[in-house]
Every structure is written in structure tokens, then in C-alpha cells.
Amino acid sequence: MIGFVLFFAWLGFGGDLIFWLATTDARPERYHHVFPWIGVVVTVIATFGARYAYRTGPEKVLWATGAREVIDPQDDAERLLVNVVEEMAIAAGLPRPRIWVVPDDDPNAFATGHDPKDSHIAVTRGLLGICNRDELQAVIGHELGHVKNFDVRLMTTLAALVGAVLLMRDGMGRMMRGRGGGGGGGGGAAPPAGRSSGGKKGGGAGALIAVLLVVWIISWLIAPLVTQLLALAVSRKREYLADAMSAQFTRNPLALASALEKIESAAAPTTAIKRGAAHLCIADPLGRRLTSSEGWLADRLATHPPMGMRISRLKGMGYAQLKKEGGAPS
């Protein structure tokens, strides 16, 4: 969150610097940008935006997916879900989270909240349709692993910040277009190109302004990407840890391996879950090719580890457990 605020402080005060350089040699009757009001306003908005995102992140994520809370189960699938969540919460030593169903036919699940006392588990309708009881227990155990490790606090806040960044970028874009469209008045003809009241000094200042302006505009354009990279920096390793905790809670790592295989074989992306919340899900809801890759680039840009790697690790745990217990793997 500190990095988020500092990034937007640069965007604000960088704009002030550009306006100051652009107006410092203007005639006395024209506007001179002296007080850094852009930086102050943007930094204050970013600070309050980060706090607001932290406080309302879970509600915003659930609202964005169209999830419906399961208070009175409406069918056997929802009754099974409630029963499994209650069982796994006891196994994980956590309070029972609130339960939600996302109206999407693609199998997926995610957890959100601030801490174990304020947690939410959401599954898609498609997941309820393909998982048996053991597989559903394993998926819920994975999400409760995120809750127990407090992953949901960071990842939910980042998901809400992505939305806040998009809103701020769009607002700044409208403001810039408004200034560009209204720059016809002011009295008097503009000085010739490359000249200003400062003579040769204007040429160097103009080049510096142009460079700073390009960097500043690019910073605004990549702002959502920067926020998402904050989430991607930690999400891959946390998925492996949550898989291991599911195996610990259920004592059945092969069940999660089976569930992940079914989720991976689903053809369609999870349309109800957008890019900003993709890192919250048990599987990449966007079906991006990079998620199935390994290496430096994938480690920094993909939201999830390769599904094949996760499944092979879980199967390794299961076979080791069966061998220890004297059974033969099926």
C-alpha cells in the first residue's frame, strides 16, 4: 500500500513539475504553476483510496463477480457446499467463513476477506457440478489455507486497488482531454515554435518537458499493470503453500490433484471473474497461456503456477502417503 501511494505521488508531483517547467517562462499575465496542487490532490486521493480499498475490498470483489451468499441452501449442491465448508473450517481451526456461489459454469473458487474472522469463500456453480465431495473438500481446504495464511488480506486489497487505479487513470485522462480541448483563449499570439521569453533556454526546457511528459503519460498508462505486478510478485508461491495446506487439512492430496485436473480441463474462461481479481482464484480464470509456462517471465507476470506442476507435486505427496501407509497407488 505504501508503494501504491508513492507511485501515485510521483504521478501527481511529476505533473506539477511538468506544468511548472511549461509555465515558468510564460508572460506575467499568463498562468504560472507554483503550488503543487496536482501532487497534493493525487497523493491524498491515493492515500484515502488505499484505505477505502482495504476496508471495502471483499465487498467490491464479491459484487464484481455477481456472487450470491448462501444463507438458506436452495439445492443439494449448496447443502453439500455448506456442510463441506463447516467441516473444513473445523479441520483448519478457523471460524466458519461466509459462503457464496458465483453464477458461472466454469469451475473455479476464491477466498476474500481481511482475516479469519472476516473471511468469505466463493465457488462457481460450475465447480459444484463437477466435483465430488472429496474434491470439493480439497478445493475448500485450499481456500482456507489462503485465509489461515492471511493471503486474502493482501490479495483482496490489491484487487480493489486495481479497480481504484483504473478509475483514477480514467479521471486523469478526462481532465487532460478537457485541458487540451479548452486551450484556445488567453489573449495574444503564441510565440514561434522553439522560442520563448527565455530565448535559447526555451529549446532545452522544451525538450525536457517533452521527455518528462512522455514518461508521465506512460506512467499513467501502465498504472494498472504496476498494481497487478504487486499481486503477481507473491501469488505464485502462495498457491503452492495453499495446495500443501489443503493436503494437510484433508489428509488427501490426491483429491485436490483430481479437482485441479477437472478445473484445468474446462474449456471456457470464468467470465464472471475479471482481470483485477484473477490472482484470488484457485485457477487462472482468464485461461492465459503464460500461466502454463515456467521461467523468469512467467514467475513475474503469471498469476498462478503451472497447473501441471501443482498436480505433480500433489500426486507426489499422495503417493508418498500411500507408500508410508502400506497401500498401493491407484
>> According to salt bridge (charged side-chain N to carboxylate O under 4.0 Å, His left out), who are the partners of Asp76, at least two apart in sequence or on a separate chain?
In response: Arg79
>> Could you work out, with side chain to side chain donor-acceptor pair (under 3.5 Å) as the rule, every residue matching Gln74, not counting sequence neighbours?
In response: none
> Do Ser258 and Glu135 have side-chain N/O donor and acceptor atoms under 3.5 Å apart?
Replying inline: yes
> What pairs with Ala122 under side chain to side chain contact (heavy atoms under 4.5 Å, CB included), at least two apart in sequence or on another chain?
Replying inline: Leu62, Trp100, Val102, Phe110
>> Lys148: which residues meet the side chain to side chain donor-acceptor pair (under 3.5 Å) condition with it, sequence neighbours left out?
In response: none
>> I'd like to know whether Glu78 forms a side chain to side chain contact (heavy atoms under 4.5 Å, CB included) with Arg68, so could you lay out the CA-CA distance, the side-chain angles of the two residues, the decisive distance to 0.1 Å, and finally the verdict.
In response: CA-CA 11 Å; Glu78 291 187 1; Arg68 172 182 59 84; 2.3 Å; yes
>> To check you understand the geometry: which heavy-atom pair defines the closest contact between Thr112 and Pro58, and what is its length?
In response: OG1-CA, 3.5 Å
> Residues in side chain to side chain contact (heavy atoms under 4.5 Å, CB included) with Pro116, at least two apart?
Replying inline: Leu94, Pro95, Val147, Phe150
>> Which residues pass the side chain to side chain donor-acceptor pair (under 3.5 Å) test with Asp118, not counting sequence neighbours?
In response: His114
> Can you list the residues that meet the side chain to side chain contact (heavy atoms under 4.5 Å, CB included) rule with Ile99, with sequence neighbours excluded?
Replying inline: Val70, Leu81, Val82, Val85, Arg96
> Can you list the steps and then say if Leu144 with Ile121 is a side chain to side chain contact (heavy atoms under 4.5 Å, CB included)?
Replying inline: CA-CA 8 Å; Leu144 289 174; Ile121 298 289; 4.2 Å; yes
>> Show the nearest heavy-atom pair for residues Val84 and Ile140, with the distance to one decimal.
In response: CG1-CG1, 3.9 Å
> With sequence neighbours left out, what residues match Asp16 under salt bridge (charged side-chain N to carboxylate O under 4.0 Å, His left out)?
Replying inline: none
> By side chain to side chain donor-acceptor pair (under 3.5 Å), which residues pair with Asp75, not counting sequence neighbours?
Replying inline: Arg125
> Which pairs pass salt bridge (Lys or Arg N to Asp or Glu O under 4.0 Å) with one or both residues in residues 242-258, sequence neighbours excluded?
Replying inline: Asp243-Arg310
>> Under the rule for salt bridge (charged side-chain N to carboxylate O under 4.0 Å, His left out), what residues qualify as partners of Glu69, not counting sequence neighbours?
In response: Arg98
> Who are the side chain to side chain contact (heavy atoms under 4.5 Å, CB included) partners of Ala109, not counting sequence neighbours?
Replying inline: Val123, Leu127, Val139, Glu143, Ile282
>> I'd like to know if the side chain of Ser312 reaches the main chain of Met309, judged simply by a donor and an acceptor atom lying under 3.5 Å from each other, with no hydrogens or angles considered.
In response: yes
> Roughly how far apart are Glu261 CD and Leu314 CG, rounded to 0.5 Å?
Replying inline: 9.5 Å
